[in-house]
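Reading through the C-alpha cells given below for one structure.
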Amino acid sequence: MRIIISPAKKMRTDEDGFAPEGLPPFLDRTERLLAALRAMPPQALQALWKCSDAIAKLNVERLGTMDLRRHLTPALLSYEGIQYQYMAPGVFEAGQLDYVREHLRILSGFYGLLRPFDGVTPYRLEMQARLAVDGCRDLYAFWGGVLAEALAAETDLVLNLASREYSRAVEPHLPPPVRFLTCVFGEEKGGKVVEKGTMCKMARGEMVRFLAEHDISRARDVRDFDRLGYRFSPACSTENHFVFIK
C-alpha cells in the first residue's frame, strides 16, 4: 500500500532536525520548472501564484536564491498545513517513522512525487497552476503519467488522502491492476455526505497518524479509523470509496 497526500502552501526550513535521506526522484523535471519560473517577470509570477503582494515578494526572493541540492529539509517536516499539524510527524516514534518512510508519498506540483525524507526547499507552485513548460499546457500535462507509473511500480493499492487537485494527477493514469481507494470525511445532511475543507484536512492528517500507529497495510483495516468523531459508514461506502461520517 502507498498513501498519497497533498502538500501545503506554507513551508518552513529545519536543518537542525531529521537530516534528509535523499533527493527527490524527479529533480531533473523540477529543475526545468525552476528555470521556467525564473524566466517569468514578478507580475506574471504573482498572477500564476494567485497570492498577495507580500507572499509574491517572498517567493520571488526564494526563486532567486533557490538551491535544490543544499540546505534542505525532509519533505514531511517542511510542510506546515493543517493536515501536517494533525499528523504531527515531529513526534512520531521510530516504528511510525519507518511506516511513513515505506508507505507515505507526497504529491507536489514542483517536485512531482516525494518520499517523506526527500530533501526539499520552500517553493510555491500548486498542481493546478497554469504553467506551460516543455510544450505542455499545464502541470497535469507536464507530469503526465510519470507519478502514477512510479506508484504502480511500488504497489497494487493506492490509498488516496489527497485533495482532488492532486489526486487527479495520479488516478487517470494508473493501470487497471492498481486499486485506487479514496477516503471521504464528511457529515450527513439531507441524505447527502457533505465535506468541509478544514475538517477534511484535519481528518486526513489524523488518518495518516492512525495508519502509522497501527502499522496498517490492508484496505479493510483502514475502516477501523475512529478519530475526531468519525466512523466508517458501510451504507455510504463503495469498494473504492470509504466514507467516514462525523
Side-chain angles (χ1 to χ4, degrees), residues 1-14 16-22 24 72-123 126-127 147 151 154-155 157-167 169-170 181-186 195-219 221-232 242-244 246:
M1 182 172 77
R2 291 295 180 270
I3 306 156
I4 57 172
I5 60 174
S6 305
K9 292 179 184 178
K10 188 176 181 182
M11 299 182 70
R12 68 186 183 98
T13 57
D14 179 7
D16 298 323
F18 294 110
E21 295 179 356
L72 306 176
T73 301
L76 191 63
L77 303 178
S78 182
Y79 295 109
E80 288 195 300
I82 293 171
Q83 176 181 218
Y84 293 84
Q85 293 170 25
Y86 275 77
M87 190 193 314
V91 294
F92 274 156
E93 297 177 358
Q96 294 151 13
L97 291 170
D98 289 340
Y99 178 91
V100 295
R101 182 181 287 108
E102 178 180 355
H103 294 284
L104 188 66
R105 299 293 180 265
I106 303 168
L107 300 174
S108 163
F110 190 56
Y111 284 106
L113 190 69
L114 291 164
R115 296 160 299 202
F117 297 100
D118 286 341
V120 301
T121 191
Y123 66 91
E126 298 177 59
M127 187 66 80
L147 311 184
L151 288 165
E154 294 184 357
T155 187
L157 170 62
V158 174
L159 181 65
N160 175 32
L161 296 178
S163 65
R164 179 62 182 157
E165 174 188 350
Y166 286 91
S167 65
V170 171
L181 173 58
T182 296
C183 288
V184 176
F185 304 94
E195 298 178 85
K196 296 182 179 179
T198 299
M199 291 302 301
C200 286
K201 292 175 182 178
M202 293 164 57
R204 288 166 180 158
E206 196 70 54
M207 172 66 90
V208 175
R209 170 162 282 280
F210 169 82
L211 298 171
E213 287 177 354
H214 292 84
D215 194 24
I216 288 175
S217 59
R218 299 181 302 182
D221 295 331
V222 174
R223 298 176 297 185
D224 293 336
F225 177 75
D226 60 356
R227 300 184 179 179
L228 301 179
Y230 287 98
R231 296 292 186 277
F232 176 72
F242 283 3
V243 179
F244 297 85
K246 190 175 180 65

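The analysis underlying the following values was restricted to heavy atoms, covering all of them including side chains, and did not include hydrogens, waters or symmetry mates. This is a predicted model, so every value here is computed, not measured.
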Going through the checks in order, is the side-chain contact (heavy atoms from CB on, under 4.5 Å) test met by V100 and F92? CA-CA 10 Å; V100 295; F92 274 156; 3.8 Å; yes
Test log, rule side-chain contact (heavy atoms from CB on, under 4.5 Å), inputs I3 and R105: CA-CA 6 Å; I3 306 156; R105 299 293 180 265; over 6 Å; no
Do the two ring centres, one from F232 and one from F225, sit under 6.0 Å apart?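 They do not qualify: ring centres at least 6.0 Å apart.
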Let me confirm one number: the [atom1]-[atom2] distance from [X] to [Y], rounded to the nearest 0.5 Å.
X    : Y    : atom1 : atom2 : answer
I5   : L76  : CD1   : CG    : 6.5 Å
F117 : L104 : CZ    : CG    : 9.5 Å
L107 : I4   : CG    : CD1   : 5.0 Å
E206 : M199 : CD    : CE    : 10.0 Å
L157 : R2   : CG    : CZ    : 10.0 Å
C200 : I82  : SG    : CD1   : 11.0 Å

What residues, two or more places apart in sequence or in another chain, satisfy ring pair (Phe, Tyr, Trp, His ring centres under 6.0 Å) together with [X]?
X    : answer
Y123 : F110, Y111
Y230 : F185
Y99  : H103

Minimum heavy-atom distance [X]-[Y], with the two atoms named:
X    : Y    : value
A162 : S167 : CB-N, 4.2 Å
P74  : P20  : CG-N, 3.9 Å
M207 : V222 : CE-CG1, 3.7 Å
M202 : Y86  : CE-OH, 3.1 Å
F244 : C183 : CE1-SG, 4.0 Å
P7   : S108 : CG-CA, 4.4 Å

[Y] backbone acceptor or donor facing [X] side chain under 3.5 Å:
X    : Y    : value
T73  : D14  : yes
E165 : M127 : yes
R204 : Y84  : no

Under 3.5 Å, side-chain donor or acceptor atoms of residues 210-219 against the rest of the protein: list the pairs with distances, not counting sequence neighbours.
from : atom 1 : to   : atom 2 : distance (Å)
E213 : OE1    : R227 : NH1    : 3.1
E213 : OE1    : R227 : NH2    : 2.5
E213 : OE2    : R209 : NH1    : 2.9
H214 : ND1    : F210 : O      : 3.0
R218 : NE     : D221 : OD2    : 2.9
R218 : NH2    : D221 : OD2    : 3.0

With K10, which residues qualify under salt bridge (charged side-chain N to carboxylate O under 4.0 Å, His left out), at least two apart?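 Salt bridge (charged side-chain N to carboxylate O under 4.0 Å, His left out) list for K10, sorted by chain: empty.
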Which residues pass the salt bridge (charged side-chain N to carboxylate O under 4.0 Å, His left out) test with K196, not counting sequence neighbours?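 Counting only residues at least two positions away or on another chain, K196 forms a salt bridge (charged side-chain N to carboxylate O under 4.0 Å, His left out) with E187.
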Can you tell if the side chain of [X] reaches within under 4.5 Å of the side chain of [Y], non-hydrogen atoms only?
X    : Y    : result
L113 : I106 : no
L151 : V170 : yes
R231 : K246 : no
Y79  : P89  : no
P122 : T13  : yes

Any donor-acceptor pair under 3.5 Å linking the side-chain atoms of S6 with those of S163?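 Their side chains do contain a donor-acceptor pair, which is all the 3.5 Å distance test asks for.
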NZ/NE/NH1/NH2 to OD/OE distance under 4.0 Å, E21 and R115: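 No, this pair does not count.
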Check this for me, if you would: do K9 and E80 make a salt bridge, where the nitrogen-to-carboxylate-oxygen distance has to be below 4.0 angstrom?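 Salt bridge absent between K9 and E80.
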Here's a test for you: under side-chain contact (heavy atoms from CB on, under 4.5 Å), which of V120, D118, L72 qualifies with S78?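 Considering V120, D118, L72, a side-chain contact (heavy atoms from CB on, under 4.5 Å) with S78 is found only for V120.
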Decide yes or no on side-chain contact (heavy atoms from CB on, under 4.5 Å) for F242 and V184, but give the supporting numbers first. CA-CA 6 Å; F242 283 3; V184 176; over 6 Å; no
